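Here the structure comes first, spelled out in structure tokens, and everything after it is commentary.
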Amino acid sequence: NAGVTQTPKFQVLKTGQSMTLQCAQDMNHEYMSWYRQDPGMGLRLIHYSVGAGITDQGEVPNGYNVSRSTTEDFPLRLLSAAPSQTSVYFCASSYSSGNPDYGYTFGSGTRLTVV
Amino acid sequence: DAKTTQPNSMESNEEEPVHLPCNHSTISGTDYIHWYRQLPSQGPEYVIHGLTSNVNNRMASLAIAEDRKSSTLILHRATLRDAAVYYCILRLGFGNEKLTFGTGTRLTIIP
């Protein structure tokens, strides 16, 4: 049981490049989400999914796309990277979407630098 | 969204209990109180959560005030490994998908 796995752990991109951050969970969790964390700030929600085929925007969705074709995977796509997207990205999952009686499991993060 | 207020930082001696406070005066009846911690260079880690009653698990205890306007995370015997940023978060009622993180309390453990 690996929990939430994020790849890569580190990435440097040039402005305008595209890439996909991978997130996979093996806990059969219904809910998955992406957060970003900037220095000295709390985590902010980018996008989330309540099940395969269902996604929705969080508080900072601009510049990011997501899809959820399987229960296990929830990739985050940067279509045209900008320096403002330099951040640490965390993927999180939960057994039941919208049920506050369950905790979240977080991945170890992807540190992205856009130059 | 209901907000939480935590001290920016706290210090505690190793092997002593630590009480981390959180105020949430605008909490509603269906909001759960969650605590997470984030060790340096790691993702947040779930610690404990509760609704009305005090809760215990292998990591910590959660004491919730009778009016639910505040709560306290209790680490019974702090170790150096407990040095982290601790986040008190209100997980809103059923159907709300967002965890709102504040800036948390940075806990320093003194050997």
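Heavy atoms only: backbone and side chains are in, while hydrogens, waters and symmetry mates are out. Throughout, a chain's letter reflects where its sequence line sits, starting with A, and its residues are numbered from 1. In this text, all values refer to a predicted model and were calculated from it rather than measured experimentally.
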Worksheet item: So, for B/Y36 and B/Y87, is the gap between ring centers shorter than 6.0 Å?
Response: no
Worksheet item: Are side-chain heavy atoms of B/W35 and B/L20 found at a separation under 4.5 Å?
Response: yes
Response to the item:
Ranked by heavy-atom pairs below 4.5 Å to chain B, first place among A/T105, A/D56, A/D101 goes to A/D101
Worksheet item: Which answer fits A/S33, side chain, backbone, both or neither, if we ask what part of it has an atom under 4.5 Å from a heavy atom of chain B?
Response: neither
Worksheet item: So which part of A/V4 gets closer than 4.5 Å to some heavy atom of chain B, the side chain, the backbone, both or neither?
Response: neither
Discussion item. Assigning hydrophobic clusters by single linkage (Ile, Leu, Val, Met, Phe, Trp, Tyr; side-chain heavy-atom cutoff under 4.5 Å), is B/V55 placed with B/I27?
Written reply: yes
Fill in: Counterpart residues, ring-ring contact (aromatic ring centres under 6.0 Å, His included), relative to A/H47 (two or more places apart)
none
Worksheet, complete the sentence: When rounded to the nearest 0.5 Å, the distance separating OH of B/Y46 from OH of A/Y102 is 11.5 Å
Worksheet entry | Proximity breakdown for A/L43 and chain B, heavy-atom pairs closer than 4.5 Å | both
Worksheet item: Which answer fits A/Q37, side chain, backbone, both or neither, if we ask what part of it has an atom under 4.5 Å from a heavy atom of chain B?
Response: side chain
